[in-house]
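In what follows, a single structure is set out as structure tokens and then discussed.
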Amino acid sequence: MPGTSVIGLQWGDEAKGKLVDLLAERLGVDIVVRYQGGANAGHTVVIGEETYKLHQIPSGVLTEGVMNLITPGVVFNPAVVLTEIAGLTSRGIPVSERLMISDRVHVVFPWHIAEDRAQNADKISGESIGTTLRGIGPCYRDKVGRVSAIRLGDMVGADFRQKIEQVVQLKQRALAGFAEAIEPAELDAERIYEQYRGYAEQLAPMVGDTTNYLLDALDEGRQVLFEGAQGAMLDIDHGTFPFVTSSNSSGVGVSAGSGVPARWIGKVLGVAKAYSTRVGGGPFPTEQDNETGQTIRDLGNEYGTTTGRPRRCGWFDAVAVRYAARLSGVDALSIMMMDVVSQLPEVKICVAYELDGRQIRIVPGRVEDWRRVRPVYETLPGWRKDVSQAKTMADLPPAAIAFLQRISQLVGCPVEVVSVGPARAQTLFVKDLAAAT
Ligand code: IMP
Ligand code: MG
């Protein structure tokens with residue numbers, strides 16, 4: 001089966017970018033696909049001395065011979081993409097030859113960013129979502145509402161100017177009460193029209209029908225890697241709603257976002273860190289808002305790629321990851337940041353939640369219950385060894401292997417990849433974890 005997907009099993013930032021870049025090369029992938037989310041993502045790829053931070057362009061762009069697609073489920077920020085193209089091109093990456101953007105992506109406009117900012121202070125039962133302020137939610141809302149939606153293909157239409165004027169009028173009405181949060185330029189129809197017409201001209205050679213391109217490629221047996229953004233626990237339908245993103249960021253989103261039937265996806269690789277992080281508001285049962293959390297943050301450099309915000313840090317949550325893995329149809333796990341937990345005196349794994357005096361191993365549906373669950377931990381001895389130079393599983397201490405085995409057992413999936421640092425070479429491939437001991 002030619003399709004493989006890479007799905008985050010936590011709240012984003014599981015180091016999917018590293019894995020996608022690596023697999024693109026290792027599996028001899030022909031095509032990498034970004035199919036949901038937008039410039040809220042921040043995927044970091046380290047190659048040799050070079051670090052690349054990608055928000056909108058698929059992480060396969062760094063590999064020669066790989067075609068990168070941005071498919072209809074994405075909300076697309078043309079300014080971000082053009083900036084990324086310029087940055088990568090100046091570093092010798094011929095992006096324009098390697099990138100195709102669907103004419104069906106929904107375009108993020110300045111008013112979406114204004115709306116995101118205007119609503120950022122709004123609280124849902126006492127807490128704000130704390131979005132990345134990239135206009136993601138407002139753009140998806142317009143897509144579902146349809147009346148104010150503009151797709152990339154619309155930007156070359158004869159009525160594009162008229163469309164902008166019409167939407168600006170609607171937005172002026174909708175944002176009337178938020179004057180102080182809005183910059184005049186964000187609702188300046190003429191200016192936005194000129195700006196976006198320019199974007200459309202620059203992007204034109206890269207715009208195409210990714211849906212048919214993909215379906216043809218799969219028919220021909222070409223290898224396709226689907227690059228998830230965010231993580232399953234931020235999925236709009238299946239995550240910790242309403243503290244989620246606005247797209248299907250679990251495995252269920254691949255089909256809808258790319259236009260590829262699920263039966264083409266032969267393998268799903270679930271990515272999780274050896275601990276947990278979350279940015280923004282919302283339930284996080286294993287959060288360590290204490291010295292342990294700060295230690296993890298320092299060791300893992302847990303600050304947002306997109307917003308620079310310090311990430312909330314905590315222990316590995318096997319209840320949430322098991323749920324995310326089942327939901328996403330995960331075949332194997334990739335456990336990242338093993339170098340970080342390798343520095344800790346002991347490590348904990350949340351094996352169940354306690355809710356109203358009962359132990360549960362499934363996630364609650366209501367955010368109020370999510371907030372009330374208490375993690376039940378298993379504590380494992382630490383191994384305090386620098387594993388960043390490990391070349392094979394045999395280089396890991398027995399306690400580290402035991403930790404991975406326990407995760408595998410609790411989540412119900414084999415561990416196939418273990419990452420011990422950001423570089424491509426700092427990756428261990430496991431055939432059989434039991435055999436590694
Ligand atoms: P939005 O996607 O910007 O609307 O933000 C909604 C929630 O998802 C916020 O809690 C964000 O911090 C979180 N979020 C969005 N994108 C990412 C990501 O790529 N990594 C981690 N968290 C994210
Ligand atoms: Mg990220």
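Index from 1, following the sequence. Just so you know, ligand 1 is whichever comes first in the structure, and atom 1 is the first atom listed for that ligand. The figures here come from the full heavy-atom set of this structure, side chains too, leaving out hydrogens, waters and symmetry mates. Just so it is clear, the structure is predicted and the values come from calculations on it, not from any experiment.
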Salt bridge between [X] and [Y], side-chain N to carboxylate O under 4.0 Å?
X      : Y      : result
Glu378 : Lys348 : no
Lys273 : Asp13  : no
Glu115 : Arg141 : yes

Show the atoms of ligand 1 that are less than 4.0 angstrom away from any heavy atom in [X].
X      : result
Trp11  : 21 (C), 22 (N)
Ile129 : 6 (C), 9 (C), 10 (O)
Thr131 : 1 (P), 3 (O), 4 (O), 5 (O), 9 (C)

| query | With no hydrogens and no angle check, do the side chains of Tyr275 and Glu302 hold a donor and an acceptor under 3.5 Å apart? | reply |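 Note: Tyr275 and Glu302 side chains meet the donor-acceptor criterion.
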
| field | Side-chain donor-acceptor pair present, Gln294, Asp298, cut-off under 3.5 Å | value |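 Note: Gln294 and Asp298 side chains meet the donor-acceptor criterion.
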
I'd like to check [X] versus [Y] (side-chain heavy atoms, cut-off strictly below 4.5 Å). Are they in contact?
X      : Y      : answer
Leu170 : Val147 : yes
Cys139 : His112 : yes
Met206 : Ser96  : yes
Leu9   : Leu333 : yes
Tyr52  : Arg91  : yes

Check whether any heavy atom of [X] sits under 4.0 Å from an atom of ligand 1.
X      : answer
Gln230 : yes
Arg309 : yes
Thr306 : no
Ala229 : no

| query | So, is Gly12 placed with an N/O/S atom under 2.8 Å from the Mg ion (ligand 2), counting both backbone and side chain? | reply |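 Within the cut-off used here (under 2.8 Å), Gly12 places no N, O or S atom near the Mg ion (ligand 2).
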
| task | Describe, in one word, how the ring planes of Phe160 and Phe109 are oriented to each other, choosing from parallel (under 30°), tilted (30 to 60°) and perpendicular (over 60°). | result |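 Phe160 and Phe109: tilted rings.
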
Which residue and heavy atom of the protein sit nearest [atom], plus the separation:
atom                    : value
atom 6 (C) of ligand 1  : Val244 O, 3.4 Å
atom 21 (C) of ligand 1 : Asp13 OD2, 3.0 Å
atom 9 (C) of ligand 1  : Gly130 O, 3.3 Å
atom 22 (N) of ligand 1 : Val279 CG2, 3.4 Å
atom 2 (O) of ligand 1  : Thr245 OG1, 2.6 Å

| request: State whether the shortest distance between N or O atoms of Gly281 and N or O atoms of ligand 1 falls below 3.5 angstrom. | output: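 Min N/O separation from ligand 1 is not below 3.5 Å for Gly281.
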
| Close N or O approach (Thr132, ligand 1; < 3.5 Å) |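 By distance alone, the answer is yes.
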
| field | the Mg ion (ligand 2) - name of the N/O/S atom of Asp13 that sits closest to it | value |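 Closest N, O or S atom of Asp13 to the Mg ion (ligand 2): OD1.
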
| query | Counting heavy atoms only, which of Asn40, Thr277, Leu234, Asp116 is nearest atom 14 (N) of ligand 1? | reply |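 Of the listed residues, Leu234 has the closest heavy atom.
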
